[in-house]
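Hydrogens, waters and symmetry mates play no part in the numbers below; they use all other heavy atoms, side chains included.
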Amino acid sequence: MATVILVRHGRTTANAAGLLAGRAAGVRLDQIGREQAALAGDRLAVVPLAGVVSSPLERCQQTAQLILERQAGNPCSPADPDLTECDYGLWQGRTLNDLATEDLWAAVQSQPSAVVFPGGESMAAMQSRSVAAIRRHDAAFEAEYGPGAVWVAVSHGDIIKSILADALGMHLDLFQRINVGPASVSIVHYGAVRPSVYATNTDAGDLSWLSKGINSGDAPVGGGAGQTAP
């Protein structure tokens with residue numbers, strides 16, 4: 001299969017203010033967030049991308065554009081609503097400090113698979129749609145560009161955490177153990193037998209080894225020799 005690079009959007013004005021932005025319109029990157037996204041774009045500039053698929057929300061579209069501007073080619077750049085932020089319902093727009101006083105907060109931390117946000121989406125449904133979208137796009141990029149294709153999905157923190165949990169074979173109730181910072185890069189290769197997670201939550205480091213693609217196969221006993229730059 002192809003290889004997907006999961007990129008969270010850069011820091012936003014809502015992040016800086018401690019607000020749960022959810023799907024609210026007009027939430028954009030702040031100056032730090034633009035710098036973070038540009039750095040992610042610089043890291044990815046050495047990788048010829050087959051596509052950059054993004055959540056339709058502004059903060060992800062801005063991040064995707066900063067990645068696309070640094071690509072030598074012209075990768076496709078569709079928006080996919082299945083990669084949009086979780087629908088937090090009545091929680092949207094409230095401060096995290098305020099939400100931490102809600103009874104539901106404890107379940108979000110320890111049993112997210114049982115959480116349905118009031119007036120919004122369940123976390124299980126969030127994971128189901130986002131994982132299905134990633135696997136759908138991954139198969140399409142491989143069909144068009146071959147198994148060495150590398151593409152980017154720009155999305156949101158909880159979305160990416162849920163995708164990584166699925167790739168790691170973790171129950172959704174454990175996904176809060178995963179951290180995904182603003183403009184961070186995580187890498188998943190969906191092989192014929194199982195997904196392989198090559199990186200999580202990175203904000204520095206050389207990615208040129210990805211330009212050769214990743215070959216599917218059995219996991220090397222003992223860990224193998226690792227990836228080498230071209």
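Membership of the apolar cluster around Leu66 extends to Leu29, as traced through chained side-chain contacts below 4.5 Å between ILVMFWY residues.
Looking only at distances, a side-chain donor or acceptor of Gln71 sits under 3.5 Å from a matching main-chain atom of Leu44. Using a distance-only test at 3.5 Å, with no hydrogens or angles considered, a donor-acceptor pair links the side chain of Ser130 to the main chain of Met126. Not one N or O on the side chain of Ser54 forms a donor-acceptor pair closer than 3.5 Å with the backbone of Ala79. In terms of modelled atom types and a separation under 3.5 Å, the side chain of Glu58 and the main chain of Gly26 share a donor-acceptor contact. In this structure, the side chain of Ser184 engages the main chain of Gly181 through a donor-acceptor pair within 3.5 Å.
To the nearest 0.5 angstrom, Ile160 atom CD1 is 6.5 Å from Ser186 atom OG.
No salt bridge links Arg43 with Asp203; every basic N to acidic carboxylate O contact stays at or beyond 4.0 Å. Between Arg135 and Asp166 there is a salt bridge, since a side-chain N of the basic residue sits under 4.0 Å from a carboxylate O of the acidic one.
Using a 4.5 Å cut-off on side-chain heavy atoms (C-beta onward), Arg23 and Thr84 make contact.
Between Leu20 and the options Asp98, Asn15, Leu96, a side chain to side chain contact (heavy atoms under 4.5 Å, CB included) holds for only Leu96.
Ring pair Trp209/Tyr198 is tilted by interplanar angle, where 30° to 60° counts as tilted.
Taking every heavy atom of both residues into account, His189 and Thr3 meet most closely at ND1-OG1, 3.0 Å. Taking every heavy atom of both residues into account, Ala45 and Arg70 meet most closely at CB-O, 3.4 Å. Gly10 and Pro182 make their closest contact through C-CB, 4.0 Å (heavy atoms, listed as atom of the first residue, atom of the second, distance). Nearest heavy-atom pair, Leu83 versus Ala153, reported as atom, atom and distance to 0.1 Å: CD1-CB, 4.2 Å.
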Do any side-chain atoms of residues 107-117 form donor-acceptor pairs under 3.5 angstrom with protein atoms, and if so which ones, sequence neighbours left out?
from   : atom 1 : to     : atom 2 : distance (Å)
Ser110 : OG     : Ala106 : O      : 2.9
Ser113 : OG     : Asp173 : OD1    : 2.7
Ser113 : OG     : Asp173 : OD2    : 3.3

(request) Let me see the working for Arg11 and Glu35 under salt bridge (charged side-chain N to carboxylate O under 4.0 Å, His left out), right down to the final yes or no. (result) CA-CA 9 Å; Arg11 196 181 85 165; Glu35 293 170 0; over 6 Å; no
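Checked by atom type, the side-chain pair Arg34/Gln31 shows a donor-acceptor distance below 3.5 Å. Between the side chains of Ser208 and Asp206, at least one donor-acceptor pair of N or O atoms lies under 3.5 Å.
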